[in-house]
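Chain letters run A, B, ... following the sequence lines, proteins first, then strands; residues in each count from 1. Keep in mind that this is a model prediction, so the values were computed, not measured.
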Protein chains: 2
Amino acid sequence: MTVSKPAEKSAEKASEATKGRKEAPEGQSQGLAEALQLGELSEQLGYVLKRAQLKVFENFLRCMASLQLTPAQFSVLLLVEKNPGRNQTEIASTLGILRPNFVALLDNLESRDLCARIRSTNDRRSHILVLTDKGKAVLTRAKKLVATKHESRLNELLGQANREALLGMLSKIANEF
Amino acid sequence: MTVSKPAEKSAEKASEATKGRKEAPEGQSQGLAEALQLGELSEQLGYVLKRAQLKVFENFLRCMASLQLTPAQFSVLLLVEKNPGRNQTEIASTLGILRPNFVALLDNLESRDLCARIRSTNDRRSHILVLTDKGKAVLTRAKKLVATKHESRLNELLGQANREALLGMLSKIANEF
DNA sequence: TATTGTTATACTCTATAACTATA
DNA sequence: TATAGTTATAGAGTATAACAATA
């Protein structure tokens with residue numbers, strides 16, 4: 001929790017208010033209020049992490065608008081491509097998605113003909129997941145969009161070395177915290 | 001999306017499977033499966049960011065279990081303490097919380113006597129937020145728990161210099177991405 | 001008996017519209 | 001008329017239990 005998508009309008013309003021005058025006589029509130037002090041909040045790992053994550057997801061969605069792929073859907077396509085022959089349970093659990101919640105996600109991808117469930121001949125309980133030709137083509141385009149529009153912004157913002165350092169630290173946190 | 005709380009059991013199961021043998025003859029699946037290849041996923045900023053954020057929030061909740069404070073509640077207490085005399089709209093929008101969703105959050109804190117709404121005398125529409133004495137005391141304890149149990153783990157994991165670099169990069173992303 | 005995929009369901013978080021009381 | 005707080009509500013995301021088919 002702590003942080004939600006900065007609520008477009010509120011954010012705008014807030015920043016308008018923020019840029020107002022500097023010293024409203026504080027007696028009777030008349031004009032625009034002053035900006036609030038974040039204080040220790042800006043040093044809280046969780047707070048900053050969450051706000052950064054929301055920004056990154058928003059940007060991802062904008063970059064992928066033409067392909068209509070969410071981060072979750074993109075991660076599934078990537079993982080299925082890299083691991084052909086795996087079933088739903090394996091793909092879902094690797095992504096930290098619970099099997100029941102994975103069903104609707106897959107239904108969506110399958111209805112768009114991006115991937116397919118294939119009944120396994122070895123174990124007729126399980127569904128092997130594969131990308132369709134269309135799924136492969138879309139994934140290829142998605143990767144290009146992500147690389148050129150999304151991840152590239154990180155390099156602009158932080159520089160190549162810092163970008164790698166950031167990913168390394170985040171991975172360490174994800175795996176060892 | 002992409003990543004949910006690694007679903008305790010699934011995660012355990014997955015890691016068991018992961019540590020299995022190394023080369024299951026791949027013909028008829030017999031024993032434990034091999035670990036999946038994350039591939040490009042581990043280089044995706046959003047994916048790593050989300051997983052790190054979930055881990056950090058989980059750890060935060062464990063550290064604050066004795067005080068029963070969520071990251072969102074903690075952030076509200078911090079912000080109200082740092083900005084006395086502000087109303088609900090100002091506190092909520094600064095945190096990226098929509099006003100309607102802030103009501104229940106505040107109801108909770110107020111019912112626990114951690115903060116209070118005070119009708120403003122200047123503008124009788126607005127509620128000034130203040131910490132109660134109990135709220136101040138709890139916040140003080142919360143800060144200590146966060147510092148000694150939560151944020152300190154970051155220093156152990158990354159070192160002081162890297163921790164600061166990480167926060168700096170995340171802030172930059174949150175503000176400029 | 002155990003597992004795979006699935007359904008049903010519930011709870012949290014986020015988002016929008018509209019009401020009320022003030023201004 | 002506009003704004004602050006609120007209510008109602010809807011939609012994602014996440015979580016658990018239980019069922020049918022299969023092992």
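No donor-acceptor distance shorter than 3.5 angstrom exists from the side chain of A:E81 to the backbone of A:K136, with no hydrogens or angles considered.
For the pair B:R117 and D:dT6, the criterion of a side-chain N or O lying under 4.0 Å from OP1 or OP2 is met. Here A:T89 does not reach the OP1 or OP2 of C:dT3: none of its side-chain N or O atoms lies under 4.0 Å away.
Residue-to-nucleotide contacts include no donor-acceptor pair under 3.5 Å from the side chain of A:R124 to the base of D:dT22. Under 3.5 Å, the side chain of B:D123 and the base of D:dA4 form no donor-acceptor pair of N or O atoms.
For A:P100, counting side-chain heavy atoms from C-beta on, the closest listed nucleotide (D:dA17, C:dT16, C:dG5) is D:dA17. Candidate nucleotides C:dT4, C:dA23, C:dA8 were compared by shortest atom distance to the side chain of B:R125, and C:dA23 ranks first. Side chain of B:L98, nearest nucleotide from C:dG5, D:dT16, C:dA15: C:dA15. In this structure, of D:dT14, C:dG5, D:dT6, it is D:dT6 that holds the atom nearest to the side chain of B:R99.
Positionally, the nearest nucleotide of DNA chain D for B:L106 lies more toward the 5' end than for the other of A:N101 and B:L106.
For the pair A:Q88 CD and C:dT7 P, the interatomic distance rounds to 10 Å; values are reported in whole Å. Protein atom CG of A:N87 is 13 Å distant from nucleotide atom P of C:dT3, rounded to whole Å. In this structure, A:N108 places its CG atom 11 Å from P of D:dG13, rounding to the nearest Å. Distance, A:I128 CD1 to C:dG5 C1': 12 Å, rounded to whole Å.
B:Q44 and B:E40 share no side-chain donor-acceptor pair at under 3.5 Å.
The structure places OG of B:S42 at 9.5 Å from CG of A:N175, a figure rounded to the nearest 0.5 Å.
More than 12 heavy-atom neighbours from other residues, nucleotides or ligands sit within 6.0 angstrom of CD on B:E176.
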